[in-house]
Amino acid sequence: MSLRTSPPFRADHVGSLLRPPELHEAREAHAAGKLDDEGLKAAEDAAIDEAVRMQEEVGLQSVTDGEFRRATWHMDFIYSIDGISKAPGNLAVKFHNAEGDIEWTPAAIHIDGKLGVSEPIFGEAFEYLQSVASDGQTPKLTIPSPSMVHYRGGRAAIDEDVYPEMDEFWADLTSAYAEQVRRVNELGCTYLQFDDTSLAYLNDPKQREMIAQQGSSDVDHLHEAYIAHINEALADKPEGMAVTTHMCRGNFRSSWVAEGGYDFVAEALFNNLDVDGFFMEWDDARSGGFEPLRFVPKGKIVVLGLVTTKRGELESKDELKRRIEEATQYVDLDQLCLSPQCGFSSTVEGNALSREQQADKLRLIVETAQEVWG
């Protein structure tokens, strides 16, 4: 057994990284009209250069740009799809933490035109990442899955004059994603990740109730529909491109949305979703046990998200090894990898830990993976 040479890697990470203070300052200056677009891009470039070197220094095989050119892990992408505009008002998502509740309120979305991708979304950002990555690093592009476009508003966000039938909406949305996959592959992307909180959220009965109130008629089978639509988007996946998915229960300023194990979605998820690897959150009891791993078929890889990004305290290497061993009760060790449970900064605000603690956690993942898998 050895370290993998293709994604996902034995030691991997989800994607987003804490923004350095200089980047926060540049964004504030840009928003205030004190810094032009070129000045902001230069600040982003410098921050990404530093982040790429950090990932190399800790020993990661994958490399991302930390999502430094975005405000959130998904909404920047969704707003960039042809046919989607920002709607008046805000979405309101309630997050929980030990101290209480906080709200995340991005602009709402309105699907008021035919969906499509006329140019590769985040294409220039990926090309820059490629240009500064070393030969030993595989650049990864992270984008939200098609499910998230629907989950962030449901039927109510879709203009019925544009899409009187939901089948038409899904056909155009998955075609748009297929075009995105094709275009980023042309840029040289060989590691693509569909981030999808919905497939973790739907394990929570409270989330299923919320989606039902948005107008979804068959919420108990919505995860199966989402899986089918992701597969449609990936039906013509280019040869040589690895596609993974990442699922968590919310990650905003060290807070979370949903709870519950993966039992509700596991059988359909592992057996039907046509991806190469599953990044999954297992950093605390809220994520449930490893029993759903019994459904993982041969040939599929699960990346155990055992290291939390919500707190700075460093996990014990021995405890990580014990939990990996526990997971092997249900799936072969050779089908497992290790990562943080989520990104460190799913939104621009970031989680409650330092950049030094972030690097220490990534280094711990690499060292643990080397000792477990060789």
Just checking, is any N or O donor in the side chain of [X] or [Y] under 3.5 Å from an acceptor N or O on the other one?
X	Y	answer
D195	Q193	yes
R249	T197	no
D276	T244	no
E281	H246	no
T142	E67	yes
S198	D196	yes
H30	D36	no

Test item: [X] and [Y] side chains (from C-beta on) under 4.5 Å apart, heavy atoms:
X	Y	result
H74	R152	yes
K361	E356	no
T138	V63	no
L234	V243	yes
F169	L115	yes

Relative to the ring of W170, is the ring of H150 parallel (under 30°), tilted (30 to 60°) or perpendicular (over 60°)?
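The rings of H150 and W170 sit tilted, inter-plane angle from 30° to 60°.
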Aromatic ring pairing F264/H223, orientation class (parallel under 30°, perpendicular over 60°, tilted between):
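Tilted: the ring planes of F264 and H223 meet at 30° to 60°.
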side-chain contact (heavy atoms from CB on, under 4.5 Å) involving E291 - partner list, sequence neighbours excluded
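Only R294, Y330 meet the side-chain contact (heavy atoms from CB on, under 4.5 Å) criterion with E291.
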For F279, is the NZ or CZ atom of K140 found under 6.0 angstrom from the centre of its six-membered ring and inside 45 degrees of the ring axis?
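Checked: cation-pi criterion met.
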Applying the salt bridge (charged side-chain N to carboxylate O under 4.0 Å, His left out) test to D334, which of K300, K298, R10, R4 qualifies?
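Only one option passes, and that is R10.
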Give the C-alpha distance, both sets of side-chain angles, the deciding distance and a yes or no for salt bridge (charged side-chain N to carboxylate O under 4.0 Å, His left out) between E371 and K317.
CA-CA 10 Å; E371 293 178 21; K317 195 179 291 185; 3.0 Å; yes
Under the criterion side-chain contact (heavy atoms from CB on, under 4.5 Å), I'd like the reasoning laid out for N231 against L273: C-alpha separation, chi angles, the key distance, then a yes or no.
CA-CA 6 Å; N231 287 345; L273 186 58; 3.7 Å; yes
Hey, is the main chain of Y128 close enough, under 3.5 Å, to the side chain of S131 for a donor-acceptor pair?
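It does hold such a pair.
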I'd like to check the ring pair (Phe, Tyr, Trp, His ring centres under 6.0 Å) partners of F77; sequence neighbours left out, ordered by chain and number.
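Listed in chain order: F122, Y177.
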